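Below is one structure, written out as structure tokens; the observations come after it.
Whatever order the structure lists ligands and atoms in, that order sets their numbers, starting from 1. Keep in mind the model is a prediction, meaning the values are calculated, not measured. Hydrogens, waters and symmetry mates are skipped; everything else that's a heavy atom, side chains included, is used.
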Amino acid sequence: MSRPSPDAEPHKIKTVRLLAFPTLEERKKNLADAGFNVFNLTPAQITFDMTSGGTSAMSQEQLAGQLVGDEAYAGSRNFEHLQRSVAAVLGHGYVCPTHNILGSVKLIFATMVPAGSVVPSNGRDRMDVLTPRDVEVVDVRDRAEPVFTGNVDLARLEEVLKGGKTPIVDVQAFADGQHPISLANLRAVRELADKHGARLVLDGSRIIENAWYVQRHETGQADRDIRSLVKVMVKTSHVLQMDGAQDPKANAGGILSTDNPSDHERFINEVVVFEGLHTYGGMAGRTLEVVARGIEEMADEDEVHWVMHQTERFTQRLRDGGVPLERGCDGAYVRADQVLPRAGATARDTFSAALYLLCGVRAVAMHRRGSEGLVPVQIPRLAMTNEQLDQVADAIVSLVQQADRIAGLQVVEEGPWRDQMAYHWVFPDLEPFAFETFPYQIHTIERVGVLTRGQREKAIRAAGYNTFLLPSADVTIDFLTDSGTSAMSTDQWAAYDGAKATPATSEEYHRLMQAWSDALGYQYNIPTHQGRAAEHLLSQVMIEPGQLVPGNMYFTTTKLHQELAGGVFVDVIVDEAHDPQSEFPWKGNIDMAKLRAAVDERGPDHVAYISFEHSVNLAGGQPVSMDNMKEVYAYCSLLGIPVFFDATRCVENAYMIQWKDPRYAHTPVKDILREMMMYGDGCTVSGKKDFLINIGGLLAFRDNAEWAEECEELLRIYEGNVTDGGLATADLAAIARGVEEMVDDRYIRSRVQQTQLLGRMLQDAGVPIVTPVGTHAVFLDAKRFLPHLDQEQYPAQRLAAEIFVETGVRAMERGNVSKGRNPETGENYRPALELVRLTIPRRVYSNDHMRAVADGIARVWEKRESIKGLRFVYEPEKLRFFQGRFESL
Ligand code: P61
């Protein structure tokens, strides 16, 4: 079962944790304050904390598990769950929980290892805590074995066992994070232990990584899956100890499991002395639950392969860059003594301090001071993208290249443990390394659908070739919409959880008012449950029947509400917007000639307002220039015609101005946005897009109190209270945070540049797309993709279906099906743009996902000639794209 390297995460991002990017000056200050010992730095001072213990991204099911801890002293449901998951995945019938791995070690030594014992072990890092216990630890690792470097030297082990003072043999899976053991060797150790009446205690904290190694490198094991290898390794031991903060991806906790009732009996009688009752063992109920769920999930084949792929890729990049290192199952262990030979005994801590100074990354050697000069650079499981890891590797390579500029730390205070060290240092003059990456780490993941091609064929037929009708569980990468699909940050969640709910006025409401007026500069801000609710109120208040509403291309809900209020929409967008091949950079602009003609024809009194959308969705996410906003506003304000923005994607538009208009290249996006909003009298917003929340909207007026009052009157009737707009208090809190996060320059740049990347890769493969690429989506041009299909055969609809079958990616048709039929003639409108929208949710996918999507669509492109059209089998009258069903021609 030799698997190719996975090309993208087999999951998406559910929650993000924002990263800090301290400046060089801040890093110097932080280091000095920390006594130049990076152990003393805190995550808020660090960009990437390269450690794997308790730092993994968990699944959303684990996160949810935190809230179902029943926090009982005795016999909790979470403990029962732990028993079930240990039995199912590890195969042991008894489990005793502990507060962490040290708790497990403590119980084993208290119950099985009398003072004066000799304990053979293949690991060294445990010595720190074993030696003070009046036992002799003997290193029995087989130094001659080239592949399974954690194997036990069996002859040496037997020698030790023959001494008669050895009650247990201590074996670590992936000893010290660096040395895997083979299944054959583990079995031989068990035989020897049995022969001499000792018990084999396996530390399985990194059993997943070891199982992967066995699958990949041990003869005869390639066809076994990780799950069965884990079980067989566990069953080979008498007792398993496991750190909950490693493979189970919890932030604390540990277990001891066994099949032997008398061993278990001893553990549970001792656990009450040191840890807690045997049904919680020093863990909170929530941690028990997270560990239980983590054990159930940890052997997921795709996830294990992704984690190990990241480790291999990271290590290889360092090796290629000439960094001396030793392999780790969870990262690379850098030979600081070789990098900084002049630093002598302080080489490790000097390396760590220099790396932090260079780029804000922490890699720290912990525990006791020892002789080995290794600095572990561990990867928090699932928490970083390949791009981020590549940059961390590049930073380390750059450090190694500058090593001769670095003098060793001078010891000021010392002790036997590394956290006790304090130093003085003369800062070396290093060329700093700047990260250009997502300004967040992955906090929680969401598993995605993994169907086979055959299953996807069945699924799309069952959905009538309509991607709206596919269950999301069947979708691998969901590019249907960027609406309400953002990953929230942990800060947003914290605000959400901390909100004090009320149907009246809340602190969260006031905070939100402040956040909105800071971001947009408008005086009157009215919350709504989403965008269309704001459109409804605005249209009802501002439009008199028969009035024109000129706009830069329509959006479905916006136009609908204008028409329901008796308005007549007129499209005044520039012609280039209708041409998928025009390279004009401001395709969202209003054509002044068209606007003037519309106003002149009916007179300014017959124009309700201008409906001015930022980053025009249906034109392909095309931006409006600052000059155009100024010009439209200057013209309209003279005539007394209000200008209202649809500011749903205003931040993306602001970034496009920063990127494409040289006059704004150095202006923060926050300031560009404030200027943009000055050229309007108000706005509607669907908060589900740029504002980084899953639900919510806004109706705002710059300074007109009368309009605001009229809208609030309708709000009370249709939506909710004026202080919540029908939203939960908690959602108000999440929006307020989202509004702060959305104008972060690093964030919005990485967001829009991700869209650009996907567009470039598709263009490089020759796939016809709308150019220039917009902000939130890449639009495929189905007319050029499938020129052999007539528009009556719904090429965009078929293309979206075909992309799903080939790749598991869900896209949205935006062409003949969406536009509908002319009610008078019954004919399809046959719009100029026959498009498939690949819409990118915010903070949810990595750039590797983009690559996988581009490769998949390139495969569809290659076989385009064999793709057939569709015909309706069920065609609803209104908004037929949502429910319509088709069959293949
Ligand atoms: C979308 F197929 N957009 O792009 P609400 N203005 C703008 C939007 O993009 C927008 C709304 C107002 C969606 C969701 C969607 O026919 C459809 O918060 C520029 O959804 O009410 C929504 O905001 C409406 C998709 C909406 C559709 C209607 O995917």
Side-chain angles (χ1 to χ4, degrees), residues 466-470 472 478-486 526-539 549 551-564 569 571 573 577 588 611-624 644-653 682-700 718-719 725-727 731 735 738 755 774-779 796-797 800 810-820 831 833 835-842 844 876 878-884:
N466 185 345
T467 53
F468 277 106
L469 301 179
L470 286 168
S472 78
D478 206 341
F479 279 0
L480 186 73
T481 178
D482 63 333
S483 181
T485 51
S486 303
I526 302 167
T528 62
H529 83 274
Q530 57 182 65
R532 64 197 75 182
E535 291 164 353
H536 170 220
L537 306 187
L538 182 76
S539 304
V549 189
N552 54 344
M553 204 173 262
Y554 79 101
F555 187 74
T556 49
T557 56
T558 322
K559 178 161 166 272
L560 184 68
H561 282 294
Q562 290 161 0
E563 288 170 352
L564 287 172
F569 175 81
D571 190 357
I573 201 164
S611 180
F612 205 172
E613 185 185 336
H614 293 136
S615 252
V616 182
N617 190 356
L618 294 192
Q622 301 294 333
V624 180
F644 290 113
F645 290 121
D646 179 337
T648 296
R649 295 184 180 83
C650 59
V651 193
E652 291 176 355
N653 200 123
C683 67
T684 57
V685 174
S686 167
K688 300 170 72 172
K689 286 83 171 177
D690 271 4
F691 287 42
L692 289 172
I693 40 145
N694 306 117
I695 197 72
L698 165 68
L699 172 59
Y718 292 106
E719 293 296 315
L727 289 164
D731 280 312
I735 304 171
T755 311
T775 56
H776 68 301
V778 176
F779 288 71
Q797 187 76 25
R810 170 156 69 175
M812 188 193 284
E813 191 267 2
R814 291 277 94 158
N816 209 7
V817 177
S818 293
K819 189 84 193 221
L833 297 179
L835 308 176
V836 171
R837 186 179 77 165
L838 301 163
T839 334
I840 306 174
R842 293 167 184 78
V844 173
K878 281 181 278 181
L879 301 180
R880 61 182 180 172
F881 55 91
F882 283 130
Q883 306 292 344

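Every residue two or more places apart in sequence or in another chain that forms a side-chain hydrogen bond (donor to acceptor under 3.5 Å, both in side chains) with R842 is listed here: D482, E652, D690. The salt bridge (charged side-chain N to carboxylate O under 4.0 Å, His left out) check on R880 picks up E875, with sequence neighbours excluded. Scored by the salt bridge (charged side-chain N to carboxylate O under 4.0 Å, His left out) test, K559 finds E563 as partners (sequence neighbours excluded).
With a 4.5 Å cut-off on side-chain heavy atoms, R810 and S472 count as touching. Using a 4.5 Å heavy-atom cutoff, the side chains of H776 and S615 are not in contact.
Shown are L618, V616, I573; of these, the side-chain contact (heavy atoms from CB on, under 4.5 Å) with Y554 is made only by L618.
For ligand 1, residues of the protein lying within 4.0 angstrom by heavy-atom distance are T481, S483, Q530, G531, R532, E535, F555, T556, T557, E613, N617, D646, T648, R649, S686, K688, K689, M812, R814, R837, F881, F882.
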